[in-house]
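Structure first, commentary second.
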Amino acid sequence: MRTQVGIVGAGPAGLLLSHLLHLNGIESVVLEARSRAYVEGRIRAGVLEHPVEQLLNDTGVGDRMRAEGLPHEGVILRTEGRDHRIDFKGLTGKHVMVYSQHKIVQDLIAARLAAGGNIQFEATGVSLQGVRTDTPYILYEQGGRQHRLDCAIIAGCDGFHGISRETIPAPARQSFEREYPFGWLGILADAAPSSEELVYASHDRGFALLSMRSPTVSRLYLQCAPDEDIANWSDDRIWGELRTRLARDGFVLSDGPITQKSVTPMRSFVVEPMQYGRLFLVGDAAHIVPPTGAKGLNLAAADVAVLTRALAVWFRSGVADLLDTYGETCLRRVWKAQRFSWWMTSLLHRFSDHSPFERRVQRAELDAIFGSVAASTTLAENYVGLPLIL
Ligand code: RFL
Ligand code: PHB
């Protein structure tokens, strides 16, 4: 099989890239290790930045998001029973969109298939060959047979645990990493959200987040140990802990059946460069942020926007300038999002090794935001999203 762009991974990055390339008249084939049902049901992110919402709308895949998504004009920071609202609309004129990542994946798969797009599910044993030549190709197995996909460009959209990043020889890449001494225990529950807006709560027992997926489904998180055993968390214990950490006078947390539970470790990670010959790393394959800033999926979409623009010029005219600066362009935004996610994480979580002095400084930093329009505006600008291409 032959195509222009071979894409590894049918997460949001790979599918959005395939969609945008198609709109630019460029052919692609997406190779995905998992089944369609698996990727369409995988519960992950929920908050879209304003520029990403616009991108989905402008490229014709925003119909269901407009119907079912929840535009949010602010978030609440809660500490010691006090609320401070960050007014996105008032401070930046923009909002964020609460809409499930797995629905975006469903919407993109539907759009690609309706347009005759080629997505190969359950393609395993993927290996990238000849990435330093003008004729790279991808080997994979499917249905018990070995296949070969020839292409001009390979996009590694296979997430943090994929094989694309490791295809770059170790001496040619540098990783920047921070692991946090905690994780997030996340639940989905059939319960009406107890707040109209997201609540980020900093509490002595640890961070908690109230989020949502729809008017009848709540998404909630608790800071926990990075290797927390989910078996130790009964539904009652989870709701009790959420009630303690989210407490405020007059606030009532409504509960309901928990339909999904998981523990996610927290990590900041960037690999440089994001390009090696004809291989381009996109999204989580190149960078991971802790979820506190709600940036991961949004960064993946920004990489896709940069790569699509560069490939459109290159395939049309052979001019490689934008392609050669792909990584540099993405990394400007990536590092700003890294800074913001690290800062939000440091601000709101309980660190067991903090001295009483450091804990007081952390509270003072929250207070400084509460008392300053300038500080609140900086937070709002970063949360609603910087322009896709900086
Ligand atoms: P993905 O989504 O991991 O997709 C990679 C795809 O590649 C496939 N794959 C392979 N295919 C073929 N061969 C191989 N060898 C392969 N190896 C892997 C995988 O099966 C998969 O289908 O990466 P992508 O596309 O870069 O998208 C990134 C986002 O998924 C991620 O950044 C976000 O989910 C992060 N994130 C959030 N981001 C936000 O912008 N806003 C949020 O509110 C938000 N909340 C979250 C999050 C991530 C979370 N978890 C579970 C990590 C909340 C959580 C709890
Ligand atoms: C979510 O709804 O899953 C979510 C919201 C905000 C975050 C992280 C995750 O910062």
Side-chain angles (χ1 to χ4, degrees), residues 6-18 30-36 38-49 52-53 70 72 75 96-102 104-105 108-109 119-128 138-142 155-167 183-188 193 197-200 207 209-214 217-221 260-267 269 281-304 337 340-341 344-345 348 383 385:
I7 298 176
V8 187
L15 292 166
L16 182 61
L17 180 63
S18 179
V30 181
L31 303 177
E32 166 59 48
R34 304 287 196 150
S35 67
R36 178 175 178 183
Y38 183 90
V39 299
E40 289 194 336
R42 191 165 41 197
I43 304 297
R44 284 200 176 163
V47 178
L48 297 180
E49 294 175 352
V52 175
E53 178 197 347
L70 308 168
H72 280 209
V75 287
V96 294
M97 179 63 95
V98 174
Y99 186 63
S100 293
Q101 173 169 328
H102 74 285
I104 298 177
V105 165
L108 286 166
I109 289 176
I119 309 172
Q120 299 292 323
F121 291 100
E122 299 180 60
T124 56
V126 168
S127 72
L128 313 182
I138 306 177
L139 296 177
Y140 65 98
E141 284 159 34
Q142 200 184 38
C157 305
D158 48 351
F160 185 66
H161 301 287
I163 49 88
S164 296
R165 185 174 64 251
E166 313 274 296
T167 303
W184 277 15
L185 190 164
I187 62 160
L188 263 187
E197 295 183 337
L198 270 63
V199 181
Y200 287 81
F207 170 76
L209 171 62
L210 183 161
S211 180
M212 63 206 69
R213 287 292 178 271
S214 74
V217 176
S218 290
R219 177 80 164 144
L220 296 130
Y221 297 95
Q260 206 242 12
K261 286 184 204 176
S262 62
V263 172
T264 312
M266 308 270 280
R267 179 185 280 122
F269 175 89
L281 300 179
V282 185
D284 277 15
H287 39 72
I288 293 284
V289 284
T292 326
K295 290 284 164 246
L297 165 63
N298 294 294
L299 276 183
D303 290 353
V304 169
F340 178 67
S341 306
M344 285 280 280
T345 304
L348 295 166
Y383 199 98

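Computed from heavy atoms alone, side chains included, the values below leave out hydrogens, waters and symmetry copies. Counting convention: from 1, in listed order, for ligands and their atoms alike.
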Query raised in the report: Looking at F160, does the NZ or CZ of R165 lie under 6.0 angstrom from its six-membered ring centre and within 45 degrees of the ring axis?
Result: yes

Query - Numbered atoms and elements of ligand 2 in range of Y200, under 4.0 angstrom, heavy atoms - result: 6 (C), 7 (C), 10 (O)

Report task. Taking only heavy atoms of G46 into account, list the atoms of ligand 1 that are under 4.0 Å away from them. Result -> 42 (C), 43 (O)

Query raised in the report: Less than 3.5 Å between some nitrogen or oxygen of G14 and one of ligand 1, yes or no?
Result: no

Report task. Around atom 15 (N) of ligand 1, find the nearest protein heavy atom and jot down its residue, atom name and distance. Result -> I163 CG1, 3.6 Å

Report summary line: One finds that the ligand 2 atoms under 4.0 Å from a non-hydrogen atom of L198 are 5 (C), 6 (C)

Report summary line: protein heavy-atom neighbour closest to atom 4 (C) of ligand 2 works out as Y221 CE1, 3.9 Å

Query - Part of Y221 with heavy atoms under 4.0 Å of ligand 1, whether side chain, backbone, both or neither - result: side chain

Report summary line: atom 26 (O) of ligand 1: closest protein heavy atom, distance to 0.1 Å, is D284 N, 2.9 Å

Report task. State the atoms of ligand 2, each with its element, that fall below the 4.0 Å cut-off from a heavy-atom position in W184. Result -> 8 (C)

Requested in this report: May I ask you to identify, for C157, whether its side chain, its backbone, both or neither come under 4.0 Å of ligand 1 on a heavy-atom basis?
Outcome: backbone

Query - Those atoms of ligand 2 less than 4.0 Å from some heavy atom in V47 - result: 5 (C), 6 (C)

Requested in this report: Look at atom 49 (C) of ligand 1 and say whether a protein heavy atom is found at less than 4.0 angstrom from it.
Outcome: no

Query raised in the report: Hey, looking at atom 51 (C) of ligand 1, which of T292, T264, V8, L198 has the closest heavy atom?
Result: T264

Requested in this report: Would you check if the side chain of D303 reaches a backbone N or O of G283 as a donor-acceptor pair within less than 3.5 Å?
Outcome: yes

Report summary line: Judged by heavy atoms only, the candidate from A45, S341, G283 nearest atom 36 (N) of ligand 1 is A45

Query raised in the report: Applying a 4.0 Å heavy-atom criterion (strictly less than), which segment of V126 is in contact with ligand 1: side chain, backbone, both, or neither?
Result: side chain

Query raised in the report: Can you tell which part of T292 has a heavy atom less than 4.0 Å from ligand 2: side chain, backbone, both or neither?
Result: backbone

Requested in this report: Determine the interplanar angle of the Y221 and W184 rings, folded into 0 to 90°, and report it as parallel if under 30°, tilted if 30 to 60°, perpendicular if over 60°.
Outcome: tilted

Query raised in the report: Short list, please: which atoms of ligand 1 are under 4.0 Å from a heavy atom of R34?
Result: 20 (O)

Requested in this report: Indicate yes or no: does an N/O atom of V39 lie under 3.5 Å from an N/O atom of ligand 1?
Outcome: no

Query - Residue G296 vicinity, atoms of ligand 1 by number, heavy atom under 4.0 Å - result: 32 (O), 35 (C), 38 (N), 39 (C), 40 (O)

Report task. Return the minimal non-hydrogen interatomic distance between A155 and L17, and the atom names on each side. Result -> CB-CD2, 3.4 Å

Requested in this report: Take every heavy atom of R219, measure it against each atom of ligand 1, and state whether any distance is under 4.0 Å.
Outcome: yes

Report summary line: Here the gap from Q260 atom CD to I187 atom CD1, rounded to the nearest 0.5 Å, amounts to 10.0 Å

Query raised in the report: Do any heavy atoms of P12 fall under 4.0 Å from ligand 1?
Result: yes

Query - Nearest-contact summary for atom 4 (O) of ligand 1 - protein heavy atom, Å - result: G11 CA, 3.4 Å

Report summary line: among protein heavy atoms, the one nearest atom 38 (N) of ligand 1 is L297 N, 2.9 Å

Query raised in the report: What do you reckon, does P291 have a nitrogen or oxygen under 3.5 Å from a nitrogen or oxygen of ligand 2?
Result: yes

Query raised in the report: Which of the atoms of ligand 1 are close to G159, meaning less than 4.0 Å from one of its heavy atoms?
Result: 3 (O), 5 (C), 23 (O)

Requested in this report: Answer with side chain, backbone, both or neither: which part of S211 has a heavy atom less than 4.0 angstrom from an atom of ligand 2?
Outcome: side chain

Report summary line: In this structure, atom 21 (C) of ligand 1 is nearest to the protein heavy atom R42 NH2, 3.2 Å

Query raised in the report: Short list, please: which atoms of ligand 1 are under 4.0 Å from a heavy atom of G162?
Result: 17 (N)

Query raised in the report: Can a non-hydrogen atom of R213 be found less than 4.0 Å from any atom of ligand 2?
Result: yes

Query raised in the report: Can you find an N/O atom of I43 closer than 3.5 Å to an N/O atom of ligand 1?
Result: no

Query raised in the report: Identify the closest protein heavy atom to atom 34 (O) of ligand 1: which residue and atom is it, and at what distance?
Result: Q101 OE1, 2.7 Å

Query - Distance-only donor-acceptor check, side chains D284 and H161, under 3.5 Å - result: no

Requested in this report: Measure the distance from atom 24 (P) of ligand 1 to every protein heavy atom, then report the residue, atom name and distance (to 0.1 Å) of the closest one.
Outcome: A13 CB, 3.9 Å

Query raised in the report: Do the numbers put R267 on top of the ring of F269, so that NZ or CZ is under 6.0 Å from the six-membered ring centre and no more than 45° off the axis?
Result: no

Query - Subset of ligand 1 atoms that lie under 4.0 Å from at least one heavy atom of N298 - result: 39 (C), 40 (O)

Query raised in the report: Applying a strict 4.0 Å limit to heavy atoms, is V98 in contact with ligand 2?
Result: no

Query raised in the report: Would R36 and E122 pass as an ion pair if we require N to O under 4.0 Å?
Result: no

Report summary line: The protein heavy atom nearest to atom 8 (C) of ligand 1 is E32 OE1, 3.2 Å

Requested in this report: Enumerate the atoms of ligand 1 whose separation from the nearest heavy atom of K295 is less than 4.0 angstrom.
Outcome: 39 (C), 40 (O)

Query raised in the report: Hey, which atoms in ligand 1 end up nearer than 4.0 Å to a heavy atom of L31?
Result: 11 (N), 12 (C)

Requested in this report: Let me see the working for Q120 and E32 under side-chain hydrogen bond (donor to acceptor under 3.5 Å, both in side chains), right down to the final yes or no.
Outcome: CA-CA 6 Å; Q120 299 292 323; E32 166 59 48; over 6 Å; no

Query raised in the report: Roughly how far, to the nearest 0.5 Å, is CZ of F207 from OG1 of T345?
Result: 8.0 Å

Query raised in the report: Judged by non-hydrogen atoms, does H161 sit under 4.0 Å from ligand 1?
Result: no

**Report entry** Residue part near ligand 2, for Y99, under 4.0 Å between non-hydrogen atoms
**Finding:** neither

